[in-house]
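Data first, discussion second: the structure below is written as structure tokens.
Whatever order the structure lists them in is the order used to number ligands and atoms, beginning at 1. Sequential numbering from 1 along the given sequence is applied to the chain's residues.
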Amino acid sequence: MKLDETLHRIELIQGDITRLKVDAIVNAANARLIKGGGVDGAIHRAAGPQLAEACAKLNGCPTGHAKVTPGFNLKAKWIIHAVGPVWKGGVANEKSLLASCYHQALLRTKELEAKTVAFPAISTGAYGFPSDLAAKIAWKTVLSFLSSNVIPNKVIFCLFDSKSYDIYASIQKELLKGN
Ligand code: AR6
């Protein structure tokens, strides 16, 4: 698939991922899959208490992997819980683990036949991953996956703050320009 066609399947939104009407949203979860803060806390609050019960049955999830629950009270049908790495200065394989996290979440969308999926900026909050580096990895991994897969048809990067949104938008601009 041409880069131009692939780029048009990626959309940027600034806002709260829990409000999106998509087939699946991705959660920036922890390896124990227990309710935490940030986007994880917001997703648990919006999905309702059944989510914690469903997560408890999954037996955790290793860093760089992703597991699925229903969306419960969310508009999204599914939640894909992806576990990003904690930033340790770049010496602990963090870049590959973050790429794996996006790749695994995308594989789950294929299995679910989820046509639309929204991602937050995984690892860039409590886990301290530098935002610009994380954004490059997110774009690269998603572009590569979409170029050889028809599902998901659309990926939304849902950025909570304007700084993250601007980082993603400048990468998008460069990609569109260079195309
Ligand atoms: N919608 C979209 N993005 C959001 C939202 C929201 N409602 N709320 C926050 N963000 P973080 P991590 C952004 O800390 O770094 C939890 O305790 C936020 O601004 O949520 O992967 C988990 O249980 C930031 O850009 O996730 C884990 O223990 C991005 O989401 C740990 O934090 C990710 O920030 C995971 O840390």
Minimum heavy-atom distance between A28 and V39, given as atom pair plus value: CB-CG1, 3.6 Å
Which ligand 1 atoms, with their elements, are less than 4.0 angstrom from a heavy-atom of D40? 22 (C), 23 (O)
Looking only at distances, please establish whether an N/O atom of ligand 1 is found under 3.5 Å from an N/O atom of Y127. yes
Distance to 0.1 Å, residue and atom name: give those for the protein heavy atom nearest to atom 29 (C) of ligand 1. A121 O, 3.3 Å
Check whether any N or O atom of I17, backbone or side chain, sits under 3.5 Å from an N or O atom of ligand 1, and answer yes or no. yes
Which residue and heavy atom of the protein sit nearest atom 15 (O) of ligand 1, plus the separation: G125 N, 2.8 Å
Nearest candidate to atom 14 (O) of ligand 1, where distance is taken over non-hydrogen atoms, out of A42, G84, A126: A126
Nearest non-hydrogen partners of F157 and L159, listed with the distance: O-CD2, 3.4 Å
Among non-hydrogen protein atoms, atom 18 (C) of ligand 1 lies closest to F160 CB, 4.4 Å
Parallel, tilted or perpendicular: ring planes of Y168 versus W139, cut at 30 and 60 degrees: tilted
Salt-bridged, K115 to D23, with N to O below 4.0 Å? no
Relative to the ring of H103, is the ring of F145 parallel (under 30°), tilted (30 to 60°) or perpendicular (over 60°)? perpendicular
Under 4.0 Å from a heavy atom of V39: which atoms of ligand 1 are those, numbered in the order shown and with their elements? 1 (N), 2 (C), 3 (N), 4 (C), 5 (C), 6 (C), 8 (N), 9 (C), 10 (N), 20 (O), 30 (O)
Does a donor on one side chain sit under 3.5 Å from an acceptor on the other, for T69 and H81? yes
At less than 4.0 angstrom from any non-hydrogen atom of G36, what atoms of ligand 1 do you find? 17 (O), 23 (O)
Against T109, only a single residue in V26, V68, I80 fulfils side-chain contact (heavy atoms from CB on, under 4.5 Å); can you say which? I80
What one should report as the nearest heavy-atom pair of N30 and V83 is O-CG2, 3.6 Å
Exactly one candidate in L107, I122, V155 meets side-chain contact (heavy atoms from CB on, under 4.5 Å) with Y102; the answer is I122
Within a distance under 4.0 Å of any heavy atom of G15, pick out the atoms of ligand 1 and give their elements. 1 (N), 2 (C)
Region of A28 engaging ligand 1 - heavy atom pairs below 4.0 Å: both
Within a distance under 4.0 Å of any heavy atom of T124, pick out the atoms of ligand 1 and give their elements. 15 (O), 24 (C), 25 (O), 29 (C)
Classify the contact between D161 and ligand 1 as side chain, backbone, both or neither, using a heavy-atom distance cut-off of under 4.0 Å. side chain
Indicate yes or no: does K154 engage E11 in a salt bridge with an N to O separation below 4.0 Å. yes
Students should be able to answer this: which protein heavy-atom is nearest to atom 21 (O) of ligand 1, and at what distance? S123 N, 2.8 Å
Determine the minimum heavy-atom distance between I25 and A76, stating which atoms define it. CG2-CB, 3.9 Å
Under 3.5 Å between some N or O of ligand 1 and some N or O of K35? no
Which atoms of ligand 1 are found less than 4.0 Å from any heavy atom of G37? 16 (C), 17 (O)
of all protein heavy atoms, closest to atom 7 (N) of ligand 1 is D16 OD1, 2.9 Å
